[in-house]
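The structure's right below; bear with me while I get my questions together.
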Amino acid sequence: MAAHGNGPGMGVATRGRLLFGGDYNPEQWPPETWHDDVRLMKDAGVNLATVGVFSWATLEPRPGARDFGWLDRVLELLHEAGIGVCLATPTASPPPWMGSRHPETLPRDENGTVVWYGSRNQFCPSSPVYRDYARRIAEDLARRYGGHPALRLWHIGNEYCTSCWCDETARHFRAWLRERYATLAALNEAWGTAFWSQRYDSWEEIIPPRRAQYLINPAQALDFRRFSSDALLECFVAERDVVAAHSPGTPVTTNFMPLFAGQDGWRWAAEEDVVSVDVYPDPAAAPDDPAGPAHGALVQDLTRSQARGPWMLMEQAASAVNFRPVNRPKPEGLMRQWSLQAVARGADAVCFFQWRASRQGSEKFHSAMLPHAGEHSRTFRQVRDLGAELGALSGVAGTRVEADIAVLHDWDAWWASGQPGRPSAALDYPAVLAAWHQALWEQSLTADFAHPEARLAGYRMVVVPQLYLLTDAALDGLDAYVRGGGTLVCGFFTGVADADDRVREGGVDARLRRLLGIARVHEWWPLAEGETLRLTDGSAASVWSEDLEPADATETVAAYAEGPLAGRPAITRATPGEGTAWYVSTLPERPTLRALLAQAARGAGVAPVLPGLAPGVEAVRRGAFLFLLNHRREQVTIPLQHPHTDLLTGHTHADGITLGRYGVAVLSASTNRTTPTTTPTSKVSRICDGGEPSP
Ligand code: GAL
């Protein structure tokens, strides 16, 4: 797993440029348009075009046929213009002939209903027929273009997300379970099948968790999430290996959806050379709305952590999207700001969906770098300006964002805690994770994400927003980390279940209770949706509360001030070994969570990037550069301790800098505009040198 090994994007010294470009779908346009595309790409400073993501039916119009002529010409045109190519295998969207001739390749939902073609992503990940066609088209592409001088990167599929419950999936699921448990007895034990007469007597009886009369066995459902992620991962790995065989040294990626439940992002990232993600925050969100820049920051921090270094923003919108009920454009300056936010938080590539706006199809009202309004539009002007600015930031490429704080996040825990039959259906794992991350982000406390079993020794503070399921290895790791002098801030309903979703002895793992100074959690006491509870520090909390019994030496930082738990501890602090362990048994409102994390960080010796910033001002250090972003509606002046030069303007600011709405500065203490003072180490930025990345 990425959390345990050397992650991708590590250890390749380079002098790069930031990548800039987007999905390019020339098959939607007549060849005359391609010349115009290339002219305008050059004009905009584009250096990477992602080609072929959805071109399967064009490349293989009928089974086994090949039409590569158009792609030959497109790659040549791009190459002549000095634009690198991120070549996609087209396997996210099989042509209609596949579903029509091989209906068994079409996925079925939990009810057994077929998911038809006519959209995209209609394949069963377990289907040998789909896999075979996918491998063959990937192999032929790789044979033909694996040595093409424009090729910089392989892009496998697109946003792997399909799940299936068909009979082929059932067979595959059983094979996966045999691998995991070896014996039926072990499976029956892990799934707790003594409950409700669910004992399996033969492997053949086991099916995916299809629609049933009442609640499904939760361990079965958890394993099916794991299996579904792994089944998709097998599809990725098979194509990755095929293209790698024909173009050794060319890195391979696949684009993640932001904080997506369908893929175990730690396991997936470990299989990629370069980690990439698609992010679409809501431009209509207010600056402090979790759906706005805070969402961007969370996804960027997570992707950087999966990559263990620089990463790619593979897709974002130049302006409006078309998938929200009401789709507002990005006001002037916002696209630039969110692009630079990604660079600030470790991206070496700023790319878009898509280059030219489609005139037909389901996404014709999705914005693009080159919109329907053409090259004289507001959007294209901003795209061109951004291209020029990214050129001025080439010294940033390959540099790293360092964090003293790790936020623990795990797909297993997410999957397990999201199932029905829990104390509260209102408990929303990603929302809790986002609330905690936002409280750090709002005060420029830079955080990585980490797998719960990751090595934590390099972090001064570890934050666990809510991890219902924790393995023994993770619990031992946390224990050693805190006793060795670390600071842990641990949120509610954590350490409750083991890897099989079996409730731990005593309700919460004993190691964790000892660490937190909690003698017992008598009962979970979830709050109704929208309900809040006052705490004794005058603040309010929501979502959850717990009937806690602290150990004698444990300090109660705040107690519940009302309701059935009035007078009982809500937030506690203990000092096991050399360390400090906070327990937060509810979800405090944002200012309280901020204050609590600030206090814990101070105690751990972690300082914000800049102290005392106005709300809505983001500060991140990347290598030797200080990025400042103003998310407020009004302008803001940020004091500086000593003179800095803004790489974007070339101006030197002696003791402060003023940023307008959506303003960004990239400050360097040095007056040299492009020379980085740290050694860049990014496989991503190597891509735009056209150099061979090392394995
Ligand atoms: C992404 C996808 C693109 C496009 C985009 C629209 O999820 O990869 O193909 O659909 O969304 O926002």
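In listed order, ligands and their atoms are each counted from 1.
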Nearest-0.5 Å distance that lies between atom CG in Leu386 and atom CG in Leu340: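 Result: 6.0 Å between the selected atoms.
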Quick one: ligand 1 N/O to protein N/O pairs below 3.5 Å?
residue	atom	partner	partner atom	Å
ligand 1	7 (O)	Glu159	OE1	2.5
ligand 1	7 (O)	Glu159	OE2	2.8
ligand 1	8 (O)	Asn158	ND2	2.8
ligand 1	8 (O)	Glu159	OE1	3.3
ligand 1	8 (O)	Glu159	OE2	3.4
ligand 1	8 (O)	Glu315	OE1	3.1
ligand 1	8 (O)	Glu315	OE2	2.7
ligand 1	9 (O)	Arg120	NH1	3.0
ligand 1	10 (O)	Arg120	NH1	3.1
ligand 1	10 (O)	Arg120	NH2	3.1
ligand 1	10 (O)	Glu363	OE1	3.2
ligand 1	10 (O)	Glu363	OE2	2.4
ligand 1	12 (O)	His366	NE2	2.7

Flag, side chain of Gln300 to backbone of Gly346, donor-acceptor distance under 3.5 Å: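 No, the answer is negative, given that no donor and acceptor are paired below the 3.5 Å cut-off.
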Are any of the side-chain nitrogens in Arg267 or Glu271 under 4.0 Å away from the carboxylate oxygens of its partner?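 Looking at Arg267 and Glu271, the cut-off is not met.
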Taking NZ, NE, NH1 and NH2 as the nitrogens, is one of them in Asp448 or Arg304 under 4.0 Å from a carboxylate oxygen of the other?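 Salt bridge: yes.
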Assert yes or no for the condition that the ring centre distance of Trp56 to Phe123 is strictly below 6.0 Å.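 No; Phe123 has its ring centre 6.0 Å or more from that of Trp56.
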From Phe227, Phe224, Phe173, residue fulfilling ring-ring contact (aromatic ring centres under 6.0 Å, His included) relative to Trp165: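 Of all the options given, the one that passes is Phe224.
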